[in-house]
Amino acid sequence: MQKSLHIDPAKCTGCLQCEMACSYEHTGYINPSKSRIKVFNFEHEGRKVPYTCTQCADAWCMNACPVDAIVIDSATGAKVVREATCVGCKVCTIACPFGTVNYMADVGKVQKCDLCGGDPKCVSACPTAAITYVDADWTGLDRMRAWAAKANTATVAA
Amino acid sequence: MGWNKKVLRVNLTAGTCIPEPLNMEWANDYLGSRGLASKYLVEEIDPKVDALSADNKMIMSTGPLTGTMASTGGRYTVVTKSPLTGAIACSNSGGYFGAEMKFAGWDMIIFEGKSPKPVYLYLENDKAELRDATHLWGKTCWETEETIKATHQDPLIRISSIGGAGENGVLYAAIVNDLHRAAGRSGVGTVMGSKNLKAVAIRGTQGVSGIKDFPAFLAAANAGKKVLADNAVTGQGLPKYGTQVLMNVINEMGALPTRNHRDVQFEEAGKISGEAMHEKRPTDGKTHLVTNAACFGCTIACGRISRIDESHFSVKNSPKYWGASGGLEYEAAWALGAANGVGDLEALQYANLLCNEHGMDPISFGATVGAAMELYDLGILSKEQIGLDASFGSAEALCKLVEMTAHGEGFGKELGMGSGRLCAKYGRPELSMSVKNQEFPAYDSRGIQGMGLAYATSNRGACHLRGYTVASEVLGIPVKTDPLVTEGKADLVKAFQDATGVFDAAGICIFTSFAWTLADVQPQIQAACEGDWSMDKLNLVGERIWNMERQFNLAAGLTARDDDLPPRLKTEPAKTGPAKGLVNGLDKMKPEYYKVRGWTPEGVPEKATLERLGL
């Protein structure tokens with residue numbers, strides 16, 4: 001089964017455990033400035049929103065890359081940057097409509113979410129289940145269930 | 001490791017920023033943050049120095065767990081000599097600023113001297129520079145953050161700053177970071193203002209790499225998080241109600257100081273409680289509380305983010321206060337509310353917002369208003385002197401007085417002195433509900449006896465965060481003790497004081513101790529920091545920190561006489577509730593405590609005690 005990251009901003013408290021876990025997985029140390037998931041704080045609305053790559057099916061970044069450095073991980077469906085191939089031209093960062101591919105000036109490459117090979121560390125780090133990893137075909141399941149629960153049907157047929 | 005092993009020394013007189021290696025011998029003895037910064041202060045300043053002179057120093061410090069995945073590992077501490085108490089000041093704060101300092105590669109920043117003109121420190125990793133802040137002087141903490149981010153075109157900068165209170169010498173000015181987190185107590189913001197230092201702005205992208213054993217550390221941190229999640233207080237009560245979970249509990253205990261401690265129960269406590277923040281308002285159908293929020297790395301998330309009622313008299317013509325913002329936490333709700341007999345939740349949030357915006361400690365401010373209201377009630381202060389009708393319970397007076405104090409106008413200047421100096425000025429020093437001139441927090445020591453001893457002996461003046469025996473006496477953590485008796489409290493207070501020192505020095509939040517004991521913290525420190533960090537060693541570190549602070553205070557001129565409570569708490573019995581008829585038994589507990597501490601009857605550490613602690 002292919003899975004997707006599923007984010008529920010209403011549950012996010014802004015603790016940044018996801019950013020720490022992401023950076024540790026990819027760099028070997030704790031550094032939110034290297035995280036591929038970012039939590040945005042809309043202070044005056046009291047909202048915190050984690051945001052990262054949605055792994056587009058027909059990925060703009062992948063299509064735009066002139067050296068084919070972005071490839072599909074067949075196990076997870078993630079669009080993954082092959083660092084050895086990436087030349088740091090940044091065209092993918094322009095192509096991505098959501099801004100989730102970013103350039104790392106210190107190494108001259110781009111980085112984006114790779115779903116950690118199928119075990120996303122942001123998910124296991126999140127203390128409130130604001131970030132989950134669910135069946136890609138059923139990301140609407142929780143919302144459907146919530147609405148289904150409101151259906152006012154009689155419990156016993158007449 | 002755990003540390004960056006790097007200190008930035010900023011000489012504001014000379015305008016220099018010079019890096020130096022962290023003294024690792026001291027790190028091994030004092031761990032970090034509160035402990036280590038206090039060690040530097042004690043070594044570097046004359047305890048008798050005028051707190052507001054250029055000879056005082058101010059240190060901002062992280063701990064070894066700051067900026068790590070350890071739950072709540074985002075705290076930093078400000079240590080200096082307090083202008084309010086004359087004792088050591090040590091205030092810590094959450095938010096995101098502390099972790100950013102660590103990510104920029106620093107453990108600690110030492111500010112010395114005094115700048116000839118307003119400046120702010122800008123840190124971008126190794127790059128450190130003092131920049132002109134003439135254009136920021138006079139701006140609020142909120143405007144300062146916005147302006148600095150715009151100037152550097154960098155929304156990711158984290159900022160600590162002072163507002164008008166710190167600039168104008170309000171003696172309980174706070175340092176505010178991330179808009180509504182604060183190193184709040186003892187006037188650390190006043191010291192910052194006296195140095196013409198408006199703000200510290202940091203962008204750190206280096207991260208934390210110096211963890212001794214990363215896999216072991218992650219395992220220990222995860223085990224700690226599970227304990228917090230499974231605990232009823234840290235897993236349920238605090239996320240849902242915040243610290244405000246306590247308002248009704250403490251009121252029922254008969255330990256909610258009301259109207260300047262005249263009463264121990266507030267008839268309108270329910271209206272300003274955590275539960276009330278969840279109720280829909282009749283005016284707009286919305287709840288006061290918008291959401292809970294976490295500081296950096298915190299898996300508890302007790303923070304309150306609220307939205308004030310736009311139709312409330314305090315803000316109906318001020319749209320800038322209509323957005324969601326921080327508050328109310330229990331201490332602020334109590335100090336601005338019950339301490340003054342004000343039961344208007346929206347008015348309390350307005351006063352709280354102004355404390356955040358202008359950088360004031362809401363505890364000392366609110367409690368000072370309580371003292372002024374009593375002076376007014378007794379006819380010692382008149383309506384003309386104050387400029388308004390300051391009757392107990394007046395929400396209008398509270399809202400006006402917070403504006404006057406924040407802006408340094410009229411009677412607000414006198415409120416800015418704190419209750420000790422205010423009451424002394426009008427000939428009634430005994431009406432200041434304070435220890436060492438710092439106002440009490442939200443627990444009446446007639447209903448929670450151990451807190452009387454904790455307040456009296458706290459090294460930074462009256463404070464609940466130096467030995468929170470409420471945990472044991474009210475909540476039964478780690479074991480239940482009877483709040484109405486003095487027996488056993490000397491040992492209890494010492495144990496809490498010493499353990500708290502370790503939590504503070506590690507760079508984590510003391511609220512973890514609702515669920516964690518030192519045994520939960522120890523594996524995290526052990527895995528993060530080089531060297532051996534056994535339980536025995538940590539216990540010794542905590543006790544060492546306490547005695548070091550004590551020695552500083554004694555050298556500063558404080559004595560056992562300053563370890564005292566206002567006469568009201570020792571002679572006027574509680575009128576209602578479970579503690580009815582009781583006064584605080586400090587005079588019985590204090591000699592026991594000195595003995596347990598290994599101090600002389602005059603409160604001076606014995607030679608053997610100092611030797612045992614390596615002091």
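So that the names make sense, note that chain A is the first sequence line, chain B the second, and so on, each numbered from 1.
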Please evaluate residues B:Phe214 and A:Tyr29 with respect to the criterion ring-ring contact (aromatic ring centres under 6.0 Å, His included), reporting the C-alpha separation (whole Å), side-chain torsions for both, the decisive distance (0.1 Å), and the verdict. CA-CA 8 Å; B:Phe214 251 118; A:Tyr29 53 99; 8.2 Å; no
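- For CD of B:Gln206, the number of neighbouring non-hydrogen atoms (other residues, nucleotides, ligands) closer than 6.0 Å is greater than 12.
- What you find for A:Gln17 and B:Met69 is that their closest heavy atoms are NE2-O, 3.2 Å.
- Within 6.0 Å of atom CH2 in B:Trp322, more than 12 heavy atoms from other residues, nucleotides or ligands are found, so the atom counts as buried in its surroundings.
- Within a 6.0 Å sphere centred on NE2 of A:His44, heavy atoms belonging to other residues, nucleotides or ligands number 12 at most.
- A 4.5 Å side-chain heavy-atom check between B:Leu179 and A:Glu43 finds at least one atom pair inside the cut-off.
- Separation of atoms NZ (A:Lys48) and CG (B:Asn292) is listed at 9.5 Å; rounding is to 0.5 Å.
- Distance check: A:Leu16 CG to B:Cys295 SG gives 10.5 Å after rounding to the nearest 0.5 Å.
- Within the 4.5 angstrom heavy-atom criterion, no atom of B:Ala229 approaches chain A.
- Per-residue counts of heavy-atom pairs under 4.5 Å with chain A were compared for B:Ile305, B:Thr299, B:Val290; the largest is that of B:Thr299.
- The heavy-atom pair separating B:Phe296 from A:Pro32 by the smallest distance is CE1-CG, 4.3 Å.
- At most 12 heavy atoms of other shown residues, nucleotides or ligands fall within 6.0 angstrom of atom NZ in B:Lys226.
- The candidate from A:Cys15, A:Ser33, A:Gly28, A:Pro127 with the greatest count of non-hydrogen atom pairs under 4.5 Å with chain B is A:Cys15.
- Comparing B:Pro239, B:Gly297, B:Ala301 by heavy-atom pairs within less than 4.5 Å of chain A, the highest count is held by B:Gly297.
- Minimum interatomic distance between B:Phe103 and A:Ile30 (heavy atoms only, all atoms of both residues): CE2-O, 3.9 Å.
- When B:Ala99, B:Gly323, B:Ala294 are compared by the number of non-hydrogen pairs under 4.5 Å with chain A, B:Ala294 comes out ahead.
- At a 4.5 Å heavy-atom cutoff, B:Leu228 makes no contact with chain A through either its backbone or its side chain.
- Atom OG1 of B:Thr291 sits about 13.0 Å away from atom NZ of A:Lys11, to the nearest 0.5 Å.
- When side chains are defined from C-beta on, A:Asn31 does not count as touching B:Val208, because their heavy atoms never get closer than 4.5 Å.
- Of the two parts of A:Tyr24, only the side chain, counted from C-beta on, holds a non-hydrogen atom closer than 4.5 Å to a non-hydrogen atom of chain B.
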